[in-house]
Amino acid sequence: MEKRFLRRFFAVFLTLTLLFAGVVWVVDPWYHFHGPWGDLPLCLRDGRYQNEGAARHMDYDTLLIGTSVTANFWASDMDRYTGGKTQKLIVQGGYFHDFFDPLEKGLATHEVKDVYWGVDSNCLRRYDSQSTWVEPSYLFDENPFNDVQYLLNKEMMFWDLTEVLERAWEGDRQDEITGGYTWDEGKVWSREFALKFYNRPEAAAEELPEDAFFGAAQENLDNILQRVDANPQVTFHFYMAPYSILFWDYTIRRGELDATFAMQKMVLEELTSRENTQVFYFMDNQERITNLDNYCDHIHYSPAVCRQLIQELAEGTPITQEEIGPRLEAFRAFVTSYDYDSLFT
């Protein structure tokens with residue numbers, strides 16, 4: 001009797017385990033084994049876990065890489081303006097190392113023509129070693145045996161897999177238009193909210209030295225340019241996102257203005273030094289950055305601005321090495337003479 005019970009128990013346990021793993025494999029919310037099948041909708045919301053699979057298994061010839069300030073770009077808009085088929089690789093709050101592995105997987109498995117990459121000023125000044133995220137190696141290595149950690153992951157059933165099935169039931173195909181990872185729903189883009197979520201710091205006693213951010217920026221540049229140089233057949237389009245005028249108030253009050261402009265100059269000069277790169281400096285569009293109705297805080301801009309930037313990336317003129325110095329000098333004069341106190345009265 002006891003042996004019969006144990007046999008039945010283990011048979012049921014094994015059946016349920018295989019059923020659980022089978023459902024995860026079929027739906028595959030992190031696209032570890034394949035892309036969306038049948039009527040299952042695209043569902044991309046966490047780049048740290050999904051970028052690797054998306055880079056391997058989606059159909060595209062253009063990559064769009066960036067953090068939260070790139071997340072609200074729509075892939076369909078990119079396709080319309082660039083003529084390509086775009087796959088987004090987004091990590092909100094990401095460090096540069098978060099993008100290198102999926103980028104390399106994409107370049108190795110697809111005939112990529114263009115890479116559009118938001119090189120955020122805030123991100124450039126951070127060392128990869130400062131990231132506290134521990135990547136799940138079972139998603140990124142070539143070992144099929146440790147995939148059990150994915151197939152039997154309880155979060156799959158109660159969160160990610162459930163969300164995919166709910167979207168399928170509701171007929172939600174929005175991510176197939178946007179490319180996923182968007183976070184703008186429910187956000188308010190207005191002067192009121194931009195100021196509300198901006199914490200103005202006390203003025204610093206001293207200015208940071210010009211080379212304060214050089215170490216991190218150079219490390220990030222070296223890693224970026226390594227990929228650029230290894231793929232001369234690909235055109236890399238880099239851009240610095242247009243943070244609002246509040247960012248410059250923050251930068252000045254923190255004593256970081258000299259260091260920020262020196263870092264940006266170094267980055268722009270190195271990125272424009274390659275034949276297969278185009279670089280866009282969107283930070284100095286005075287009309288855009290001073291209109292706080294474009295923002296929900298001091299750096300994040302509206303989907304309407306995202307659409308403008310996509311068009312400018314496709315149709316605009318990239319910055320040249322000769323323009324870098326004069327443009328930064330003119331922009332520095334603007335931000336240092338701006339009446340910031342008027343924003344708060």
Side-chain angles (χ1 to χ4, degrees), residues 9-60 63-68 70-76 85-94 98-99 101-103 105-106 109-110 132-187:
F9 173 81
F10 283 113
V12 170
F13 176 78
L14 181 60
T15 299
L16 292 176
T17 299
L18 292 175
L19 178 63
F20 184 104
V23 172
V24 172
W25 190 90
V26 170
V27 178
D28 199 6
W30 291 353
Y31 307 112
H32 184 53
F33 301 108
H34 54 76
W37 279 356
D39 290 330
L40 291 176
L42 180 67
C43 183
L44 291 170
R45 63 182 181 84
D46 191 336
R48 282 197 168 96
Y49 293 94
Q50 294 179 295
N51 279 343
E52 177 81 9
R56 285 176 179 267
H57 301 299
M58 301 303 177
D59 179 27
Y60 60 88
L63 287 171
L64 173 63
I65 300 175
T67 61
S68 56
T70 303
N72 292 322
F73 284 33
W74 282 23
S76 56
K85 186 172 179 55
T86 305
Q87 175 62 47
K88 293 165 68 174
L89 301 178
I90 303 295
V91 177
Q92 297 187 28
D98 292 320
F99 302 108
D101 192 66
L103 170 62
K105 291 296 190 300
T109 57
H110 293 67
T132 58
W133 184 64
V134 179
E135 66 181 31
S137 58
Y138 58 87
L139 290 178
F140 302 150
D141 62 25
E142 303 298 329
N143 180 4
F145 298 104
N146 62 14
D147 288 342
V148 68
Q149 299 177 66
Y150 172 61
L151 293 171
L152 299 181
N153 189 319
K154 66 179 185 299
E155 290 189 9
M156 288 296 98
M157 185 62 73
F158 298 112
W159 295 101
D160 299 83
L161 186 147
T162 303
E163 182 178 358
V164 175
L165 296 179
E166 285 179 352
R167 290 192 179 191
W169 176 261
E170 296 169 357
D172 183 355
R173 322 297 298 195
Q174 185 69 4
D175 282 8
E176 293 166 15
I177 301 172
T178 67
Y181 304 121
T182 57
W183 55 267
D184 59 304
E185 184 176 357
K187 291 293 182 181

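What you see below is based on every heavy atom in this structure, not just the backbone, and it leaves out hydrogens, waters and symmetry mates.
Heavy atoms only, all atoms of each residue included: Lys88 and Ala71 are closest at NZ-O, 2.6 Å. Annotation for Pro41 and Arg167: closest pair CG-CB, 3.6 Å, computed over non-hydrogen atoms. In terms of heavy-atom proximity, Met58 sits nearest to Leu42 at CE-CD1, 3.5 Å. Annotation for Val24 and Pro29: closest pair O-CD, 4.0 Å, computed over non-hydrogen atoms. Across all their heavy atoms, Asp59 and Lys85 have their closest contact at O-CE, 3.2 Å. Contact detail for Ala54 and Leu44: the closest heavy-atom pair is CB-CD2, 4.4 Å.
Remark: side-chain polar atoms of Ser76 are paired, donor with acceptor, to backbone N or O of Ile177 under 3.5 angstrom.
Considering Asn51, Asn72, Asp175, Thr70 as possible partners of Tyr181, the one that fulfils the side chain to side chain donor-acceptor pair (under 3.5 Å) test is Asn51. Partner of Cys43 under the side-chain contact (heavy atoms from CB on, under 4.5 Å) criterion, out of Glu163, Glu176, Glu166: Glu163 alone.
Atom CG of Asp39 has 12 or fewer heavy atoms from other residues, nucleotides or ligands within 6.0 Å.
To the nearest 0.5 Å, the span separating CG on Leu139 from CG on Asn146 amounts to 8.5 Å. Distance check, rounded to the nearest 0.5 Å: CD of Glu52 to CG of Leu103 gives 11.0 Å.
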Walk me through it: do Asp160 and Arg45 pass the test side-chain contact (heavy atoms from CB on, under 4.5 Å)? CA-CA 9 Å; Asp160 299 83; Arg45 63 182 181 84; 3.0 Å; yes

side-chain contact (heavy atoms from CB on, under 4.5 Å) for Trp74 and Gln174? Distances and angles first, verdict last. CA-CA 10 Å; Trp74 282 23; Gln174 185 69 4; 3.8 Å; yes

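By the ring-ring contact (aromatic ring centres under 6.0 Å, His included) test, Tyr31 is found to be paired with no residue, residues two or more places apart in sequence or in another chain being considered. Take Trp37 and apply the ring-ring contact (aromatic ring centres under 6.0 Å, His included) test, not counting sequence neighbours, and it matches Trp25, His34.
Residues Leu165 and Leu40 form a side-chain contact, since some pair of their non-hydrogen atoms from C-beta on lies under 4.5 Å apart.
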